[in-house]
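Report on the following structure.
Below, all heavy atoms of this structure are taken into account, side chains as well, without hydrogens, waters or symmetry copies.
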Protein chains: 2
Amino acid sequence: MVSIKDVAREANVSTATVSRVINRQSNTSSAATTAVHQAIAKLGYKTSSNKQSANMIGVMVSDVSEPFFGQILKGVESVAQKNDKRLLVLSSQYSVETERQAIKQLVSYCDHAIIHSKWLTDDELIEYASQIPGLILINRYIKSIRHRCIALDNVHGGYIATRHLLNKGHRNIGCLCSEQDIDDAVDRLAGYKQALTEFGLTIDEQFISSCYPSEEGGRLATYNLLAKKLPLTAIVSYNDIMAAGALAALAENGIKCPDNISVVGFDDLIIAGYLNPKLSTVRYPAAAMAEQAARLSLKLTGQNESDQSSFIREHILIPSFVKRNSTSVCSTQT
Amino acid sequence: MVSIKDVAREANVSTATVSRVINRQSNTSSAATTAVHQAIAKLGYKTSSNKQSANMIGVMVSDVSEPFFGQILKGVESVAQKNDKRLLVLSSQYSVETERQAIKQLVSYCDHAIIHSKWLTDDELIEYASQIPGLILINRYIKSIRHRCIALDNVHGGYIATRHLLNKGHRNIGCLCSEQDIDDAVDRLAGYKQALTEFGLTIDEQFISSCYPSEEGGRLATYNLLAKKLPLTAIVSYNDIMAAGALAALAENGIKCPDNISVVGFDDLIIAGYLNPKLSTVRYPAAAMAEQAARLSLKLTGQNESDQSSFIREHILIPSFVKRNSTSVCSTQT
DNA sequence: CTGTTAGCGCTTTCAG
DNA sequence: CTGAAAGCGCTAACAG
């Protein structure tokens, strides 16, 4: 256990100065301050080493009120509870700076941190990961620290969504994309293309429409597709929310789902089961993923007695398909 | 600041024994254990008085993954963030014992605790509330500690839901109730009755159907209503989930909403906007309520510099009506 | 099972 | 602005 004393030695100051720096109180010279901060980073010192931090497992998500993140909290909480640990929650509110501050806090307060970072660069995350062994990245894959990442195989997700439609005879499949430049968006699109290619079909960019990943975005992207008068019989969507927008756009235009056009979502949010028709979608096992992340975190700090280094499989989860009522066999045979 | 030493003196044991009791380790006689626990309760001692607890605001809800509770977390988190506090989250998983343990933990770890208790008795909650001044009950009203409660006026909610339908000309209004014996269920029903009475209508118990407050429960309760061949033109539901079940049951029977029967929900969950038709409902301002609870907690421990004791209005929030597409003017004039 | 005692991590005081 | 040293809250070791 690295103490304030070690930090003091490393920074060539007294323990009192370190204490002052940590608590941001009274005046300390900037030289001493930076020296202390460097020493803290180097040694991986954590405040409240008085055992409190060992009992805390921290989570950072974008917004605690979103159902998807609720699942993640639940997953982490369940293993926290089993291991008699407390759950510390912070959110980034979709802001880079808030996200950075949150992670810094987590790193300094907790031995374990499950982080869903949307905005920080790989390099910055690698840096934080190096500070505590219990930091796990969720829904993100960084090769150089892949043993610290738990992610979903989004390519496969896009693939099975598209594949499901192909198997039902659909050949003219539109794709609603997220215009955000993040991994899951490009991966899911790649899965869509892979499925088509594998089926011997050529990819027509006309069938791909990008918008902001909201309900309104889904509606707009669908309008754009419809405007082109393509022989569309099915649509795969970046996520359930956009799919909800697509369903609304179709309904407004008298196009019946699934009779005329089938729709597939992604995520399997609660709303999927309440849409009309109930949405066929790809299940994102968020809670399971979070559980696994939490267990991995415990394992990496040796809390988890058993299998210290036993099974080190790739931490990539495979999504599965959920068939509901928004997809059917293609009626317009070509 | 009450220390372990004070507790030891109060309990007539040594500090070591107190330490042992707190950490539930090694053996301690039950006599000593209870004596220590009593002393802790009496003096309001909190572990980690080493300043950690003052930075923590704890929340307990039933299930962190439910959207409704997500709102509550978000509300508390927003004020926590503003006041530079960390958020500690525990859930009861709908179990009495888990709930009790969670509250105990919160009380001993945090200076502030926002608690959504569904299962504990008033007396027990009063007891916990007496242990720390920063404990606030949310969505619950206990008269003797009402300055520690933030709740919704559920009677008013049931009232405006019913009133909305009455104003649209409906006179034969069914009511889907929760069979659970909790305050909000009876309050919302009371609001329903009040609105009818106020309109000079007599209450016919035939129109009231109770089931478990789930989608399936809503479906069943609706079947039961339909089976009676009542001249039903509208339904008010205990919550949105049951209303979703009601919509499904109506659709399955070829009854159009809102053309034939209007439906009103309660809570205004995310799904309300995605149902078909979009659900008119009563908005439960969960996040706002949680924010207010958190602010109250800070105020009660004197953290909130200003207005120490200034405005002590009743902490009852008023719900409002959200008009969407599931309600319309009554067509069958009597 | 319990108290004494030594010790640890940290903060605060005080002198410079 | 800083360090030495005293002090505080707590835990661990040991003897009974």
Side-chain angles (χ1 to χ4, degrees), chain A residues 1-56 84-86 104-105 107-111 131-132 134 301 303, chain B residues 1-56 84-86 88 104-105 107-111 131-132:
Chain A
M1 171 177 291
V2 36
S3 82
I4 202 174
K5 214 181 274 179
D6 304 309
V7 176
R9 195 181 317 115
E10 177 73 29
N12 279 317
V13 294
S14 72
T15 59
T17 302
V18 176
S19 176
R20 281 186 274 256
V21 169
I22 289 170
N23 299 304
R24 293 173 194 73
Q25 74 183 192
S26 60
N27 290 332
T28 47
S29 70
S30 64
T33 306
T34 55
V36 168
H37 278 138
Q38 279 175 12
I40 287 177
K42 180 173 176 187
L43 302 177
Y45 168 80
K46 284 183 291 304
T47 17
S48 62
S49 288
N50 43 19
K51 138 78 88 56
Q52 200 75 345
S53 72
N55 285 330
M56 298 270 257
D84 199 32
K85 308 231 178 284
R86 250 65 52 197
K104 278 189 182 171
Q105 278 194 47
V107 164
S108 74
Y109 275 100
C110 306
D111 279 357
Q131 292 181 25
I132 58 170
T301 54
Q303 301 262 352
Chain B
M1 169 178 290
V2 35
S3 82
I4 201 175
K5 213 181 276 181
D6 302 310
V7 177
R9 194 180 318 115
E10 178 72 27
N12 279 317
V13 294
S14 71
T15 60
T17 302
V18 175
S19 177
R20 280 186 275 254
V21 169
I22 290 170
N23 299 302
R24 293 172 193 74
Q25 74 183 193
S26 60
N27 290 331
T28 47
S29 71
S30 64
T33 306
T34 55
V36 168
H37 278 138
Q38 279 176 11
I40 286 176
K42 179 174 178 185
L43 302 177
Y45 166 80
K46 284 183 291 303
T47 16
S48 63
S49 290
N50 41 22
K51 134 86 84 65
Q52 201 74 342
S53 72
N55 286 328
M56 297 270 257
D84 198 33
K85 306 229 178 288
R86 248 67 51 197
L88 189 69
K104 278 189 182 172
Q105 278 193 46
V107 162
S108 74
Y109 275 100
C110 307
D111 279 357
Q131 293 181 23
I132 58 170

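The backbone N or O of B:S30 lies less than 3.5 Å from a partner atom in the side chain of B:T34, making a donor-acceptor pair.
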Between A:Y45 and A:I22, is the side chain to side chain contact (heavy atoms under 4.5 Å, CB included) condition met? List the steps. CA-CA 11 Å; A:Y45 168 80; A:I22 289 170; 3.5 Å; yes
**Message:** Go through it in stages, so that I can follow the logic: the residues are A:Q131 and A:I40, the test is side chain to side chain contact (heavy atoms under 4.5 Å, CB included), and I'd like the CA-CA distance, side-chain angles, deciding distance and then a yes or no.
**Reply:** CA-CA 9 Å; A:Q131 292 181 25; A:I40 287 177; over 6 Å; no
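Here the C1' atom of nucleotide C:dC10 and the NZ atom of A:K5 are 10 Å apart, to the nearest Å. The CZ-P distance, from A:R9 to C:dC10, rounds to 13 Å in whole Å. For the pair B:I22 CD1 and D:dG9 C1', the interatomic distance rounds to 11 Å; values are reported in whole Å. In this entry the distance linking CD1 of B:I4 with P of D:dC10 reads 5 Å, nearest Å.
By the salt bridge (charged side-chain N to carboxylate O under 4.0 Å, His left out) test, A:K42 pairs with A:E10, sequence neighbours left out.
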Sort me out a list of protein N/O and nucleotides 3-6 of chain C N/O pairs below 3.5 Å, or just none if empty.
residue: C:dG3; atom: OP2; partner: B:S14; partner atom: N; Å: 3.1
residue: C:dG3; atom: OP2; partner: B:S14; partner atom: OG; Å: 3.2
residue: C:dG3; atom: OP2; partner: B:T17; partner atom: OG1; Å: 2.7
residue: C:dG3; atom: N7; partner: B:R20; partner atom: NH2; Å: 2.8
residue: C:dG3; atom: O6; partner: B:R20; partner atom: NH1; Å: 3.2

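Using a 4.0 Å cut-off, some side-chain N or O of B:S19 falls inside it from OP1 or OP2 of D:dT11.
The CD atom of A:Q105 sits 6.5 Å away from the CG atom of B:D84 when rounded to the nearest 0.5 Å. To the nearest 0.5 Å, atom CZ of residue B:R20 and atom OG of residue B:S29 are 10.5 Å apart.
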